[in-house]
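Note that the coordinates shown come from a computational prediction; the quantities given were computed from them, not determined experimentally. These values consider heavy atoms only, across backbone and side chains, with no hydrogens, waters or symmetry-generated copies.
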Amino acid sequence: MKRFITDEKNNLIEEQIEFPALNGWVPNQLKISDKISYQKILGFGGALTEASAYVWSKMDDENKDKLLDLYFGEKNSGYNFCRLHIQSCDFALGNYAYIEDPSDSELKTFSLERDKKYIIPFVKAAVAKNPDIEFLASPWSPPAFMKTNNDMNHGGKLKEEFMEMWANVIAKYVAEYRKEGINITRLTVQNEPAATQTWDSCIYSAEEERNFACEYLETALKKASLSDVKINIWDHNKELLVERAIISLATEKAREKISGIAFHWYTGDYFEAVQEVSRMFPDKELIFTEGCVEYSVDKNGSEISRAERYAHDMIGNLNSGMNAFMDWNIILDEKGGPNHVGNFCDAPVMCNYEKNSFDVHKSYYYIRHFSSFIKKGAVRIFTTRSNDKIEVCAFKNPDGSKVAVILNKTDVQSQFNLISDEHCAQLDAPAHSIQTVVF
């Protein structure tokens with residue numbers, strides 16, 4: 001057995017641990033068994049926003065490569081499942097749309113020129129590091145002329161007369177990105193469809209989201225020979241996950257056309273909601289599409305508390321049925337931007353491009369314990385433990401190796417015996433630590 005533990009200086013320490021045959025009963029057990037298995041893992045990653053792309057573009061070539069290697073290098077985070085925004089989002093340099101002419105139903109004026117300035121070069125550089133990255137793309141708002149408030153910001157709704165045109169814009173976006181060698185395999189209907197934000201936003205009820213997905217978006221994708229692209233609903237916080245899933249997936253057609261349910265973390269754990277949706281709709285993918293530390297909410301949080309928030313949420317979601325995890329912006333500037341409405345946030349890696357330097361936060365190293373060791377195609381396996389000082393999730397990788405990520409958020413060291421296949425390893429979890437064991 002190998003143990004990988006992050007020390008106080010964020011070095012990943014590798015240790016060889018004895019894993020002899022179990023000889024009688026032992027106390028303080030953490031039991032892991034692949035005789036019971038659950039969901040399959042699609043991957044781990046983050047969002048390649050215009051803000052991230054802009055910051056990256058300002059770094060010199062050496063640091064550009066270092067940043068990409070941190071996230072997409074096989075020996076580092078190994079990100080393989082990432083998110084893009086369709087048109088602008090709050091972490092863009094300003095509002096923008098791919099089409100501005102209401103009369104252009106044939107989309108002759110559709111243009112990706114804005115994306116080609118920062119986003120597409122950034123994404124292509126990431127794909128060059130890892131050609132197997134899959135992308136999920138989400139719209140924050142249709143063009144202003146398509147909305148009831150004539151504004152990309154401040155909520156509003158998509159006008160019925162533009163539903164077909166908007167669906168065609170999304171399909172064309174996917175097709176054009178694929179021409180650039182960027183493999184978009186999934187979409188969400190709308191980012192945070194229940195929130196009226198000061199930034200790019202658009203409101204859909206659960207019924208409206210179902211209708212748009214099944215009657216317009218699926219049709220547009222099929223017409224563009226993109227029927228392989230999977231459609232996800234919700235893409236918002238977990239506390240309404242059950243209610244939205246029940247309504248949006250209420251019809252046979254919806255259950256046929258909608259492949260998954262996306263969710264965020266901003267209102268709390270709600271792990272039971274994830275678990276219940278997994279139970280009710282076992283054939284649907286459950287994808288965590290966004291989470292970050294908002295400076296408007298957490299101005300003075302410590303590095304360790306923010307890192308532990310990530311690990312706690314990831315373990316809870318994974319144990320509840322989550323198939324994939326995506327952090328929000330993979331890099332930001334030292335202020336937590338750029339953001340065109342001042343909604344600054346933390347990121348695992350922050351850059352000061354004027355000084356051509358960057359800081360790697362502890363949250364990066366905590367996320368890496370999952371993304372580096374749990375491989376695409378892994379299945380979650382059974383765990384049970386004797387004490388609540390540690391949180392754990394475990395997986396069996398496609399190569400047969402087993403992986404357990406173990407978190408201790410408490411102020412007290414915890415000792416335990418890891419038992420699997422009639423073997424036992426004596427381990428400890430130092431106070432405020434994360435570790436991964438591979439066996």
Presence of salt bridge, [Y] and [X], under 4.0 angstrom:
| X | Y | result |
| --- | --- | --- |
| R244 | E209 | yes |
| E176 | K179 | yes |
| E134 | K376 | yes |
| K58 | E354 | no |
| K117 | E50 | no |
| R178 | D228 | yes |
| E62 | K66 | yes |
| D313 | K238 | yes |
| D298 | R306 | yes |
| E218 | K257 | yes |
| D235 | R83 | yes |

Do the side chains of [Y] and [X] get nearer than 4.5 Å, heavy atoms only?
| X | Y | answer |
| --- | --- | --- |
| F145 | D101 | no |
| D200 | N95 | yes |
| K253 | E215 | yes |
| I170 | L217 | yes |
| M152 | P143 | no |

What are the two closest non-hydrogen atoms of F122 and S52, and how far apart are they?
->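 Result for this residue pair: CE2-CB, 3.8 Å.
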Stepwise side chain to side chain donor-acceptor pair (under 3.5 Å) check, K362 with N10 = CA-CA 7 Å; K362 191 171 285 290; N10 295 325; 2.7 Å; yes
Ring pair (Phe, Tyr, Trp, His ring centres under 6.0 Å) with F4: which of Y365, F370, F373?
->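 The residue from Y365, F370, F373 that satisfies ring pair (Phe, Tyr, Trp, His ring centres under 6.0 Å) with F4 turns out to be F373.
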Looking at F358, Y71, Y79, which hits ring pair (Phe, Tyr, Trp, His ring centres under 6.0 Å) with Y364?
->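 Running ring pair (Phe, Tyr, Trp, His ring centres under 6.0 Å) over F358, Y71, Y79 with Y364 returns exactly one hit, Y71.
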If you round to the nearest 0.5 Å, how far is CD1 of I99 from OG of S103?
->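 Going from OG on S103 over to CD1 on I99, the span is 8.5 Å.
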Do any side-chain atoms of residues 271-278 form donor-acceptor pairs under 3.5 angstrom with protein atoms, and if so which ones, sequence neighbours left out?
residue	atom	partner	partner atom	Å
E276	OE1	R279	NE	3.1
E276	OE2	R279	NE	3.1
E276	OE2	R279	NH2	2.5

May I have all residue pairs that pass side-chain hydrogen bond (donor to acceptor under 3.5 Å, both in side chains) and include part of residues 158-174, sequence neighbours excluded?
->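 Counting only pairs at least two positions apart or across chains, the side-chain hydrogen bond (donor to acceptor under 3.5 Å, both in side chains) contacts touching residues 158-174 are N168-K223.
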Should the ring pair H236 and H264 be called parallel, tilted or perpendicular, given that the plane angle runs from 0 to 90° and is split at 30 and 60?
->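 Tilted.
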Answer yes or no: does atom NZ of K389 have more than 12 heavy-atom neighbours from other residues, nucleotides or ligands under 6.0 Å?
->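 Counting other residues, nucleotides and ligands, NZ of K389 stays at 12 neighbours or fewer.
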Check the pair I41 / F325 against side-chain contact (heavy atoms from CB on, under 4.5 Å), numbers first and verdict last.
-> CA-CA 9 Å; I41 300 303; F325 164 89; over 6 Å; no
Just do the side-chain contact (heavy atoms from CB on, under 4.5 Å) check on F81 and I287 with the steps written out, would you?
-> CA-CA 10 Å; F81 197 89; I287 302 176; 4.0 Å; yes
Is it possible for you to check whether R380 lies under 6.0 Å from the centre of the six-membered ring of F395, through NZ or CZ, and within 45° of that ring's axis?
->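 No, R380 does not lie over the aromatic ring of F395.
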